[in-house]
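Here is the structure we will look at.
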Amino acid sequence: MAADRAEDHGRARAEIDLDALRDNVRTLRAYAPRAELMAVVKADGYGHGAVPCARAARQAGATWLGTATPQEAIALRKAGDRGRLMCWLWTPGGPWREAIERDIDVSASGTWALEEIVTAARAAGRPARVHLKADTGLGRNGCQPADWPQLVAAARAAEAEGALKVTGVWSHFACADEPGHPANAAQLAAFREAVAVAERAGLDPEVRHHANSPATLTLPESHFDLVRPGVSVYGLSPSPEVGTADSLGLRPVMTLSASLALVKRVPGGHGVSYGHGYTTPGETTLGLVPVGYADGLPRHASGAAPVLVAGKWRTIAGRVAMDQFVVDLGGDTAAAGDRVVLFGPGEAGEPTAEDWARAAGTISYEIVTRISARVPRVYTGEPAGA
Ligand SMILES: *Cc1c(COP(=O)(O)O)cnc(C)c1O
């Protein structure tokens with residue numbers, strides 16, 4: 001697929017390998033063979049481009065797609081997606097009616113949401129499809145156990161009126177990236193209880209779902225009817241405790257690269273970049289990499305993150321600026337225009353998003369998701385079609 005900023009490719013680009021993404025979806029399906037798979041494509045597909053990634057995930061057997069915001073789900077419908085699609089992050093006054101009219105499954109964590117859903121469904125003249133979210137221990141979104149019977153009863157009443165159908169009961173883990181953490185078993189027990197309460201109230205949800213990537217990969221008893229992997233669809237391990245991409249059979253999908261903008265000799269003792277956080281130890285060659293924090297690189301990667309240039313790993317010399325950073329090429333020969341790989345699958349010796357995460361004190365999720373719109377996405381592999 002053509003990226004819309006073709007003129008910018010020489011500076012920097014994020015190659016998105018859709019074959020790798022399809023392989024990951026198939027691999028994840030094999031981890032959860034009895035469940036359906038919802039590919040999570042929120043936040044523009046974790047920075048990879050929601051629409052092409054969604055299409056590729058569908059081709060590889062994702063029967064559901066998931067987004068955080070309703071706007072993200074509506075955008076997928078406008079791009080032609082017709083399959084089951086759910087979004088979960090609602091605020092009062094949200095586009096409930098449009099979501100219902102576009103056949104998007106919505107989520108309710110409280111009675112305020114059910115009330116807005118019922119009103120919107122009446123206006124739309126058709127029932128909404130609603131997943132009730134329980135807080136089984138994450139303490140973020142979701143309904144507390146004490147309030148759950150009331151939410152369930154309100155949903156059942158609205159269902160009896162024909163305003164909605166409860167298609168799902170669901171929740172989300174706090175600590176699944178730490179396999180064996182006692183919160184995981186406690187959350188599953190709380191979820192089973194929430195499902196039992198819903199069933200006793202007369203609800204018959206089509207799908208019960210609790211598993212994110214780490215739970216899909218490590219906790220089969222959490223799979224229920226549907227798993228919701230996100231980061232692993234993009235070929236990244238959720239945490240070192242869960243494994244490496246390689247050990248899990250995942251293929252990183254994004255490769256971020258740039259062209260050197262300048263290569264120059266400088267004398268020893270020369271300060272480099274803002275604040276002179278790096279000083280050349282002797283006469284050397286500096287390479288200018290025209291990518292910075294406006295492209296989504298963490299400024300915390302200053303002086304820390306690796307790149308592959310002229311066949312070697314080099315650490316960022318000094319600060320990451322808005323649009324550029326510098327590497328000390330240590331006298332190696334390189335020229336303006338040479339390719340620098342910031343991160344990728346690691347198969348050609350380049351660093352990975354995980355290496356960047358470690359260097360910047362964050363997680364690989366954040367490394368790929370923050371790559372900004374200024375960096376054109378270039379899709380490789382079999383095109384995802386329409
Ligand atoms: C982001 C998200 C996921 C996917 O999580 P990963 O750890 O990326 O697999 C699943 N469910 C919900 C509710 C989420 O917000």
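Just so you know, ligand 1 is whichever comes first in the structure, and atom 1 is the first atom listed for that ligand. Computed from a predicted model, the values in this text were never measured in an experiment.
- By the 4.0 Å heavy-atom criterion, Pro229 is counted among the residues contacting ligand 1.
- For atom 9 (O) of ligand 1, the nearest protein heavy atom (residue, atom name, distance) is Ser213 OG, 2.5 Å.
- The CG atom of Leu21 sits 13.5 Å away from atom CZ of Arg55, with the distance rounded to the nearest 0.5 Å.
- Protein heavy atom closest to atom 15 (O) of ligand 1, with residue, atom name and distance, is Lys42 NZ, 2.7 Å.
- Scanning all protein heavy atoms for the shortest distance to atom 7 (O) of ligand 1 gives Tyr365 OH, 2.7 Å.
- For a threshold of 3.5 Å applied to N or O pairs, the pair formed by Val231 and ligand 1 contains at least one separation below that value.
- Hydrophobic cluster membership is shared by Ile316 and Ile371, with clusters built from Ile, Leu, Val, Met, Phe, Trp and Tyr side chains linked at under 4.5 angstrom.
- Those atoms of ligand 1 with a heavy atom of Asn212 less than 4.0 angstrom away are 5 (O), 7 (O), 9 (O).
- Both Leu256 and Leu18 belong to a single network of hydrophobic side chains, linked directly or stepwise wherever heavy atoms of I, L, V, M, F, W or Y lie under 4.5 Å apart.
- Between Glu199 and Arg208 there is no salt bridge, since no side-chain N of the basic residue sits under 4.0 Å from a carboxylate O of the acidic one.
- When only non-hydrogen protein atoms are considered, atom 13 (C) of ligand 1 lies nearest to Trp170 CZ3, 3.4 Å.
- The shortest side-chain heavy-atom distance between Leu329 and Thr284 does not fall under the 4.5 Å cut-off.
- Note that CD1 of Ile104 is 7.5 Å distant from OG1 of Thr67, once rounded to the nearest 0.5 Å.
- In this structure, the separation between NE2 on His210 and CG on Leu188 is 6.0 Å, given to the nearest 0.5 Å.
- At a heavy-atom cutoff of 4.0 Å, ligand 1 is contacted by no atom of Phe173, backbone or side chain.
- The closest protein non-hydrogen atom to atom 8 (O) of ligand 1 is Tyr46 OH, 2.5 Å.
- In this structure, the protein non-hydrogen atom closest to atom 10 (C) of ligand 1 is Arg228 O, 3.4 Å.
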